[in-house]
Asks: 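If you scroll down you'll find the structure; I have some questions about it.
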Amino acid sequence: MFAIKEVGLIFGIIKYPVIIAIFERIGKSMKKKLIFISFLIFIISIYSNSGIIIEVHIADNVQQTITTESSLFYIQSGDLIESIETNTILVKSSNRVISINDKEYGEIVYVYAENNLSLNNNSYLGEFKLLLTQNNQVRVINRLNLEDYVAGVIVAEIGGNAPVEALKAQAVATRTISVRHIRNGRHRADGYDLCSNTHCQVYRGLTGQTPLSLQTVHDTASMILLSEIQTPSIWSGDIETVVELMSENTEAIEAVYSSHCGGISENSGDLWVTQHSYLSSKIDNYCIHIDLMPSWSRRHINWERDFTIQELENMFSIRNISEISINVINSSMRIEEVLIKSSSNDVLITGQYELRNRFDLPSSLFFIQREGEKVKFIGNGHGHGVGMCQIGSIVRALQGHDFKDILSFYYEGVNIGVLKTD
């Protein structure tokens, strides 16, 4: 996998790996030479200021239709480099190799275009790496600059028109957790760095990007949050005087975030295995201040999920429910266990994720109220509640907090460092 050469947290890119390989592939005919020269110029334009290149999985399907606004694709497969004069290509599996417009290539194919590549109504910077999965589907991996990836994530996760300081905080958190996932090999066994859904972070390429979101990524370029390994560190407070903390004793933090913490964040150790000091539960009054919250976010306050007793009995295949009660509440007031008693058998639902999935709840910060034949789940928040609260960060930005203040509140006791790209 072409991605990152790593020493601790000092990252460097292997410059122009495609170009180096291609110098030995110049064809004998003039046509092939012209294709090569055009291709070489184009690749240089992609990678000349690329920094850190990452690979992001975006789709698996039996066939893929890729388009571009230009009328020319470049295709690289092994020693073969050629151009196709079209703005649409159909990619599918054929005899255990990749075929494009019914011509067979190889097991791994790279696709480039002079304009952005589009797939499934989303446009992407960089290039596509195509390969076959074990079940004979075509896998599309987007290879692009880390900063371009961050720009694609923040608009999907917090919105391209969020307040500028909230966007900056999101950009730093997004970049940080991306670096941590890559360093820890989150998808190394799958053949790429990151996925494009909530397991890593939601990524839809150029969709939703705005001049404001792009500017905030530029303004925070290479900044990540760091903590000392096994040693508490101190928030520096001033970006301009931050020392580049790139030693073996530092690591990118687990800069997780959720949509709305409901007024109190969750301890990472209560939800997952590891308790990080910078991911401890704390009261967040900003995200529940109705007068300050954007109108669209108020649906996360005092939400309800209603069920009839009959619906619950059908859901769990039981009869005659006599009681539904909360058994375990943790220190952040989130529910860990619910017991349903019935004449047929008792049902115990354990774990925050299981509770949210079984009852389709926005969060695990709720209480239960029974009214005759109806059961109400009434709660606050949306998401797991660990780390940065995105609604809280938006309200703080609207109230004049800068991104350093926002990050230092949600990730207490960490430093800002700068990625090295050479």
Side-chain angles (χ1 to χ4, degrees), residues 4 9-11 51-52 54 145-184 193-194 200-203 209-210 212-228 233-246 250-259 261 265 268 276-279 284 286 386-398 400-421:
I4 293 171
L9 275 175
I10 302 177
F11 288 82
I52 297 170
I54 66 172
N145 187 302
L146 172 63
E147 298 299 325
D148 292 331
Y149 166 75
V150 171
V153 169
I154 65 172
V155 295
E157 290 285 3
I158 199 171
N161 292 311
V164 62
E165 297 301 320
L167 278 168
K168 288 181 181 180
Q170 181 69 59
V172 175
T174 289
R175 188 180 299 106
T176 301
I177 200 167
S178 301
V179 168
R180 186 180 178 94
H181 287 338
I182 294 168
R183 180 181 185 182
N184 293 342
D193 296 311
L194 302 166
C200 291
Q201 294 175 98
V202 178
Y203 168 68
Q209 292 192 29
T210 65
L212 182 62
S213 66
L214 294 171
Q215 185 62 44
T216 57
V217 173
H218 177 269
D219 291 345
T220 63
S222 299
M223 294 180 188
I224 61 171
L225 300 170
L226 298 169
S227 66
E228 294 183 18
S233 56
I234 301 173
W235 175 258
S236 62
D238 187 351
I239 298 298
E240 286 71 27
T241 59
V242 168
V243 177
E244 293 183 345
L245 299 171
M246 297 292 160
T250 61
E251 62 181 355
I253 72 166
E254 190 78 32
V256 293
Y257 50 87
S258 67
S259 178
C261 72
S265 63
S268 61
H276 297 287
S277 60
Y278 52 81
L279 293 178
D284 187 359
Y286 282 81
V386 182
M388 184 172 70
C389 173
Q390 291 172 308
I391 301 302
S393 71
I394 288 173
V395 174
R396 288 172 187 274
L398 291 172
H401 296 217
D402 68 18
F403 77 101
K404 296 173 288 182
D405 294 332
I406 294 170
L407 292 170
S408 64
F409 175 80
Y410 290 111
Y411 308 109
E412 188 174 359
V414 301
N415 294 287
I416 286 185
V418 181
L419 287 171
K420 291 184 178 180
T421 57

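Along the sequence shown, residues are numbered consecutively beginning with 1.
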Asks: Counting only N and O atoms by type, is there a donor-acceptor contact under 3.5 Å from the side chain of Tyr411 to the main-chain atoms of Ile406?
Replies: no
Asks: Would you confirm whether Ser268, through its side chain, and His276, through its main-chain N or O, come within 3.5 Å as a donor-acceptor pair?
Replies: yes
Asks: Distance from Asp193 atom CG to Cys200 atom SG, nearest 0.5 Å?
Replies: 9.5 Å
Asks: Hey, does the side chain of Ser227 reach the backbone of Ile253 with a donor-acceptor pair shorter than 3.5 angstrom?
Replies: no
Asks: So, for Glu254 and Tyr278, which heavy atoms are closest and what is the spacing to 0.1 Å?
Replies: N-OH, 2.9 Å
Asks: Atom CG in Leu194, atom CD1 in Ile54: separation rounded to 0.5 Å?
Replies: 5.0 Å
Asks: Does the side chain of Asp219 come within less than 4.5 Å of Val164's, by heavy atoms?
Replies: no
Asks: Measure across Thr210 and Gly160 and return the closest heavy-atom pair with its distance rounded to 0.1 Å.
Replies: OG1-O, 2.8 Å
Asks: Rounded to the nearest 0.5 Å, what's the gap from OG on Ser178 to OH on Tyr203? Could you check?
Replies: 11.0 Å
Asks: Dump the intermediate steps for side-chain contact (heavy atoms from CB on, under 4.5 Å) on Arg396 and Asp405, then the final yes or no.
Replies: CA-CA 9 Å; Arg396 288 172 187 274; Asp405 294 332; over 6 Å; no
Asks: Can you run down the salt bridge (Lys or Arg N to Asp or Glu O under 4.0 Å) pairs that involve residues 151-162, sequence neighbours left out, and say none if there aren't any?
Replies: none
Asks: Would you name the heavy atoms of Ser265 and Gly387 that are closest together and state the gap between them?
Replies: CB-O, 4.5 Å
Asks: With a cut-off of 3.5 Å and sequence neighbours excluded, list every side-chain donor-acceptor pair involving residues 166-177.
Replies:
{"residue": "Gln170", "atom": "OE1", "partner": "Gln390", "partner atom": "NE2", "Å": "2.9"}
{"residue": "Gln170", "atom": "NE2", "partner": "Thr174", "partner atom": "OG1", "Å": "3.1"}
{"residue": "Thr174", "atom": "OG1", "partner": "Gln170", "partner atom": "O", "Å": "2.9"}
{"residue": "Thr174", "atom": "OG1", "partner": "Gln201", "partner atom": "OE1", "Å": "3.2"}
{"residue": "Arg175", "atom": "NE", "partner": "Glu147", "partner atom": "OE1", "Å": "3.3"}
{"residue": "Arg175", "atom": "NE", "partner": "Glu147", "partner atom": "OE2", "Å": "3.0"}
{"residue": "Arg175", "atom": "NH1", "partner": "Thr220", "partner atom": "O", "Å": "2.9"}
{"residue": "Arg175", "atom": "NH1", "partner": "Met223", "partner atom": "O", "Å": "2.8"}
{"residue": "Arg175", "atom": "NH2", "partner": "Glu147", "partner atom": "OE1", "Å": "2.8"}
{"residue": "Arg175", "atom": "NH2", "partner": "Thr220", "partner atom": "O", "Å": "3.4"}
{"residue": "Arg175", "atom": "NH2", "partner": "Thr220", "partner atom": "OG1", "Å": "3.4"}
{"residue": "Thr176", "atom": "OG1", "partner": "Val172", "partner atom": "O", "Å": "2.6"}
{"residue": "Thr176", "atom": "OG1", "partner": "Leu225", "partner atom": "N", "Å": "2.8"}

Asks: Quick one: closest heavy-atom pair of Ala397 and Glu165, and the distance?
Replies: CB-CB, 4.0 Å
Asks: Any chance you could measure Met388, atom CE, to Ser393, atom OG, to the nearest 0.5 Å?
Replies: 5.0 Å
Asks: Any chance you could measure Ile224, atom CD1, to Thr250, atom OG1, to the nearest 0.5 Å?
Replies: 7.5 Å
Asks: What distance do Asn161 atom CG and Ser213 atom OG have between them, rounded to the nearest 0.5 Å?
Replies: 8.0 Å
Asks: If you take the centroid of each ring, where Trp contributes its six-membered ring, are His401 and Phe409 closer together than 6.0 Å?
Replies: no
